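To keep things clear, I will list the structure first and then write my remarks on it.
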2 protein chains.
Amino acid sequence: MTAIETAPPGAPAEGTRARVERAALDLFTLRGFEQVTTDEVADAAGISRRTFFRYFATKADAVWGDFAAHVTRLDELLAATDPAQPVLASVCAAYVEVNDYAVAELPLLRERMLLILTEPALLAHSQLRFAEVDRVVARHVAGRSGTAATDLVPRLVAATTRAAATTAFEAWLADERSALGTHLRQAFAELTAGFPGLLR
Amino acid sequence: MTAIETAPPGAPAEGTRARVERAALDLFTLRGFEQVTTDEVADAAGISRRTFFRYFATKADAVWGDFAAHVTRLDELLAATDPAQPVLASVCAAYVEVNDYAVAELPLLRERMLLILTEPALLAHSQLRFAEVDRVVARHVAGRSGTAATDLVPRLVAATTRAAATTAFEAWLADERSALGTHLRQAFAELTAGFPGLLR
DNA sequence: TGCCCCGTGGCACCCGGTGTCATTAGCCTC
DNA sequence: GAGGCTAATGACACCGGGTGCCACGGGGCA
């Protein structure tokens, strides 16, 4: 692996993070997350191992992109929902909207989510990232329903809607040609109606 | 840390695993999971670090006890449910029953679950163990509903009921004097009814 | 007595992650 | 234009989880 346009020290290093993400995604997809060392990723991105860990706190974080921004956007979408409609509907709508990606971004999203939901180490790590989402959702439900964010119902809504969203992602990944929004809407419909599909 | 009754090599080593579990649980609870090294756990249990990793594949596994047996029992309970009642009700009932612990076991369960749901590293690891549960549940739902275990609904039921159960566990841990079964039943009631508690 | 089996411990090694320090480039000021 | 500050980088040493390998030693068996 030879370095691609090695950045000089002290330089602005614009776009280094994105370059590392690409290198990591490529290698992980090609050979598997655990089979690739951080040394190899750093090398492919033209930086040192030490610098890799300055851009990403953990090896797993290189797969997630700017997830914090994603969570922030979900939070904003929740805050902007119509207070007249039921809370649960607001949460589902916000989930659908925050996952309404442009067509050009879909291949990257597929690559990321395929790794996250397929590789055991990344699946384990996902719990920590998704916990941030749960907190945001639970806080919103609590605010809207006049309860505490630590109460059962707000946390229940957060945990189950997130589980439903994750399952929808899995279904989307399994079907190359389907639309993510369709799976999300179907999953939320089943969930909010108490799984009527099981009463055949 | 001095060794407690060091087992001689070649000996049957009866009860060693249980002794290691106790030592691990004690140390993790006392000082935190990440702050305790496997060397210390092994030392406290009177074995070598190398032997620790023969009893437990990972440091986290020392907290889980015989979880595989737990999953097997859930599987059996699911198989024994009344086929006449709705599948979702069967799953919830099996969840409640598999978590109906004897009073004497509750302190140990509390200690385990508090660690698992509180320590980030253990929370991440839990996703891997819970995935086994999800597979069992999804398989049962698929069998009962005439669908494939990879379809959306079976996986949805597995993921959301498990999320509800985990949330119930959190509520139980937060309230020292409450009964686990109560939280589980309440969580499942909310879930299967589509969260009627939010329509105030 | 001699043999095999197997649980064990010791050792070296890999890899993820962290603290520390020296280097270097860009920039700002005098 | 020289000097000094800042920030990104890389090299190095170190820690801890996890693994492969081998040697030991006791119990059971022929």
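Please read all numbers here as calculations on a predicted model, not as lab measurements. Reminder, nothing fancy here: chain letters follow the sequence lines and each chain counts from 1.
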What is the distance, to the nearest angstrom, from the [atom1] atom on [X] to the [atom2] atom on [N]?
| X | N | atom1 | atom2 | result |
| --- | --- | --- | --- | --- |
| B/R19 | C/dG7 | CZ | P | 15 Å |
| B/F28 | D/dG16 | CZ | C1' | 13 Å |
| B/R17 | C/dG7 | CZ | C1' | 15 Å |
| A/F56 | C/dT18 | CZ | C1' | 18 Å |
| B/F52 | D/dG18 | CZ | P | 8 Å |
| B/Y55 | D/dG17 | OH | C1' | 20 Å |

Open item on the list: If the test is side-chain contact (heavy atoms from CB on, under 4.5 Å), which one of A/L191, A/V87, A/V141 qualifies with A/V157?
Closed with: A/V141
Task: B/H140 side chain to B/L78 backbone, donor-acceptor under 3.5 Å - done: yes
Task: B/V153 backbone acceptor or donor facing B/D151 side chain under 3.5 Å - done: no
- [ ] Indicate for each nucleotide in nucleotides 11-16 of chain C, in 5' to 3' sequence, whether protein heavy atoms under 4.0 Å reach the base (B), only the sugar-phosphate (S), or nothing (-).
- [x] B---SB
TODO: Flag this pair as yes if the NZ/CZ of B/R129 is under 6.0 angstrom from the six-membered ring centre of B/W64 and inside a 45 degree cone about the axis; otherwise no.
DONE: yes
TODO: For the pair B/E105 and B/R112, evaluate salt bridge (charged side-chain N to carboxylate O under 4.0 Å, His left out) and give the outcome as yes or no after the intermediate values.
DONE: CA-CA 11 Å; B/E105 302 179 69; B/R112 282 199 170 116; over 6 Å; no
Task: Donor-acceptor side-chain pairing of B/T58 and B/D61 below 3.5 angstrom - done: yes
- [ ] Establish whether the base of D/dG10 is bridged to the side chain of A/R54 by a donor-acceptor pair shorter than 3.5 Å.
- [x] yes
